Amino acid sequence: MLLSEALKNFLIDEEVRGCTFATLRHYRTHIGFFINYYGDKDVNLIVYEDYECYILYLKNKYKESSGFVGKKQKLSGRTIKTYASALKTFLKFCFNKGYINTDLSLKIKMPKYHKKIISILSTKEISLLINSFNKDTYIGSRDLLIIAFMLESGLRLSEVVNISVCDVDYDNSVIVVHGKGQKDRIVPLTNFTSSCLFSYLDNYKKYFSKIISNNEMLLKCLDGTDISKNTISLIFRRLRKSSCIENLHPHLLRHTFATMFLLNGGDIANLQIILGHTTLNMVLNYLHIANQISISKQQIYSPITNIKNLNGLKKH
């Protein structure tokens with residue numbers, strides 16, 4: 001069986017299992033990349049050495065478009081791991097279906113990569129960001145609500161886009177979030193977010209001269225159409241310039257929420273539920289950065305700091 005035929009069967013199997021369109025597109029793209037590299041050959045001809053050569057090829061490959069004209073940029077270690085993970089899943093499927101005689105997935109170990117320290121917004125930057133909106137205007141109140149959803153409840157960009165009016169439960173102060181992998185979850189609706197929401201709904205009524213319907217998507221563009229991920233990305237691009245917060249992006253707000261949640265005494269198990277992670281692995285990254293921030297404040301307990309009237313120190 002050719003690789004292209006095996007991929008087609010794999011995608012059908014994943015769709016039957018209930019995978020989302022985004023997941024299917026992910027597999028089609030990343031496994032298709034391997035087929036383009038290796039050639040559309042008989043799947044049973046693949047050996048482990050082919051996987052190794054493929055990973056070496058990826059490590060030396062440059063991005064096709066890096067956003068910086070004239071500057072070449074290699075694929076990141078995380079990106080290479082994503083490609084490898086998709087291929088491993090595909091090869092496991094091929095073995096289970098009898099397309100290949102050897103379970104190559106058992107030999108495959110995910111490539112290691114340098115993990116960057118998660119950065120978060122400072123309290124000064126948060127204040128600067130929140131105070132940059134005019135709540136009395138439709139656009140200002142809408143954009144502030146978007147920020148509140150991400151910063152107060154840790155929502156992803158795609159999750160903010162998919163909030164409908166009926167997803168907000170005012171009585172119980174929660175929001176029903178439609179997360180990745182068709183997994184719904186409940187997150188807290190804080191007093192601040194609730195205030196932003198009422199302000200937005202009031203401005204919506206004034207701007208469109210009507211009340212938004214309960215079965216509609218919550219966030220709208222100026223022409224009344226549903227807001228898109230691209231629109232929110234443009235909002236952040238504008239905010240990055242106006243606030244001078246160079247690394248400002250939607251996921252930075254999610255990182256900030258998660259870290260501050262732990263620093264303020266939140267429980268790690270509850271954080272996992274709020275963020276919608278199936279395992280603790282990602283949540284532990286936030287615990288690590290929260291601990292690092294806490295450790296930086298422990299300098300007051302160091303031995304020299306606590307010695308009074310210490311002699312022999314020269315003033316510079």
Side-chain angles (χ1 to χ4, degrees), residues 15 18-30 63-68 76 78-79 82 86 118-121 126 129-130 132-133 137-168 175-187 189 193 196-197 200-201 203-204 207-208 212-213 215-243 245-258 274-278 282:
E15 187 172 4
C19 281
T20 63
F21 173 78
T23 302
L24 293 174
R25 183 177 57 190
H26 164 83
Y27 282 132
R28 185 183 295 108
T29 300
H30 291 79
K63 291 183 179 180
E64 293 182 3
S65 59
S66 63
F68 297 95
S76 68
R78 183 184 290 274
T79 299
T82 301
I118 295 174
S119 61
I120 65 172
L121 291 169
I126 293 174
L129 191 60
I130 298 302
S132 65
F133 299 99
T137 65
Y138 174 72
I139 289 296
S141 60
R142 184 202 64 184
D143 294 354
L144 179 58
L145 179 58
I146 292 171
I147 297 299
F149 280 140
M150 294 179 175
L151 200 51
E152 286 284 270
S153 299
L155 301 192
R156 302 178 177 94
L157 187 156
S158 59
E159 295 169 343
V160 172
V161 169
N162 290 319
I163 296 176
S164 61
V165 178
C166 62
D167 289 330
V168 183
I175 309 168
V176 177
V177 177
H178 310 291
K180 293 172 65 176
Q182 303 184 56
K183 296 176 182 176
D184 292 353
R185 69 183 190 280
I186 293 176
V187 302
L189 174 66
T193 304
C196 293
L197 180 55
Y200 165 73
L201 292 175
N203 280 298
Y204 178 93
Y207 185 82
F208 291 104
I212 189 168
S213 174
N215 60 354
E216 288 187 72
M217 303 306 290
L218 179 61
L219 299 166
K220 302 288 185 179
C221 296
L222 287 173
D223 60 359
T225 59
D226 298 337
I227 202 167
S228 66
K229 291 193 290 185
N230 185 55
T231 300
I232 295 182
S233 295
L234 292 174
I235 291 171
F236 270 83
R237 187 181 302 174
R238 187 188 72 240
L239 287 172
R240 193 157 50 242
K241 291 181 179 179
S242 62
S243 66
I245 303 175
E246 294 182 0
N247 63 334
L248 183 64
H249 56 87
H251 225 66
L252 177 63
L253 273 61
R254 180 173 164 90
H255 291 329
T256 302
F257 162 78
I274 293 172
L275 293 178
H277 289 301
T278 54
M282 185 59 199

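As the structure is a computational prediction, the values presented were derived from the model and not from experiment.
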State, to 0.1 Å, how close Asp143 and Phe133 come at their nearest heavy-atom pair, and which atoms those are.
CB-CE2, 3.4 Å

For Leu253 and Leu121 the tightest heavy-atom approach is CD1-CD1, 4.0 Å

Pairing donors with acceptors under 3.5 angstrom, does anything connect the side chains of Asp167 and Ser164?
yes

Any donor and acceptor pair, going by atom type alone, linking the side chain of His249 with main-chain N or O of Leu252 inside 3.5 Å?
yes

Between the CD1 atom in Ile126 and the OG atom in Ser243, the distance rounded to the nearest 0.5 Å is 12.5 Å

Which heavy atom of Leu248 sits nearest to which heavy atom of Arg240, and what is that distance?
O-NH1, 2.6 Å

Go through the steps to decide whether Arg25 and Thr29 satisfy the test side-chain contact (heavy atoms from CB on, under 4.5 Å), and finish with yes or no.
CA-CA 6 Å; Arg25 183 177 57 190; Thr29 300; 4.2 Å; yes

To the closest 0.5 Å, what do you measure between CG (Leu155) and CZ (Arg254)?
8.0 Å

Value for CD1 (Ile186) from CD1 (Ile274), rounded to nearest 0.5 Å, stands at 11.5 Å

For Glu216, is the CD atom crowded, meaning more than 12 foreign heavy atoms sit under 6.0 Å from it?
yes

Within the distance-only criterion (no hydrogens, no angle test), does the side chain of Thr225 pair as donor or acceptor with the backbone N or O of Cys221 below 3.5 angstrom?
no

If you take all heavy atoms of Arg185 and Gly154, which pair is closest and at what distance?
NH2-O, 4.4 Å

Passing candidate, side-chain contact (heavy atoms from CB on, under 4.5 Å) with Val168, options Leu197, Leu201, Thr193:
Leu197

Give a yes or no answer on whether the side chain of Ser141 reaches the backbone of Tyr138 with a donor-acceptor pair at less than 3.5 Å.
yes

Before giving the answer on side chain to side chain donor-acceptor pair (under 3.5 Å), spell out for Ser213 and Asn215 the whole-Å C-alpha distance, their side-chain angles and the decisive distance to 0.1 Å.
CA-CA 6 Å; Ser213 174; Asn215 60 354; 2.5 Å; yes

Where do Lys229 and Ser158 land on the side-chain contact (heavy atoms from CB on, under 4.5 Å) test, with the steps shown first?
CA-CA 6 Å; Lys229 291 193 290 185; Ser158 59; 4.0 Å; yes

Indicate the ring-plane relationship of His255 and His251, choosing parallel, tilted or perpendicular according to the 30° and 60° boundaries.
perpendicular

Any side-chain heavy-atom pair of Phe257 and Val187 under 4.5 Å
no

How far does CD1 of Ile235 sit from CD1 of Ile139, to the nearest 0.5 angstrom?
7.0 Å

Determine the minimum heavy-atom distance between Lys220 and Tyr204, stating which atoms define it.
CG-CE1, 3.8 Å

Residue pair Leu144, Ile130: steps toward the side-chain contact (heavy atoms from CB on, under 4.5 Å) verdict:
CA-CA 7 Å; Leu144 179 58; Ile130 298 302; 3.9 Å; yes

Taking all non-hydrogen atoms of both residues, which atom of Val161 and which atom of Ser228 are closest, and how far apart?
CG2-C, 3.9 Å

Show, in sequence, the C-alpha distance, side-chain angles and deciding distance for Val177 and Arg156, and conclude whether the side-chain contact (heavy atoms from CB on, under 4.5 Å) test is met.
CA-CA 10 Å; Val177 177; Arg156 302 178 177 94; over 6 Å; no

N/O donor-acceptor pair under 3.5 Å between Arg142 side chain and Asn203 backbone
no

d(Thr20 OG1, His26 NE2) to nearest 0.5 Å is 10.5 Å

Taking the side chain as every heavy atom from C-beta outward, state whether Thr256 and Leu151 have any pair of such atoms under 4.5 Å apart.
yes

What is the distance from atom CD1 of Ile146 to atom CD1 of Ile232, rounded to the nearest 0.5 Å?
4.5 Å

Leu157 side chain reached by Met150 side chain, heavy atoms, under 4.5 Å
yes

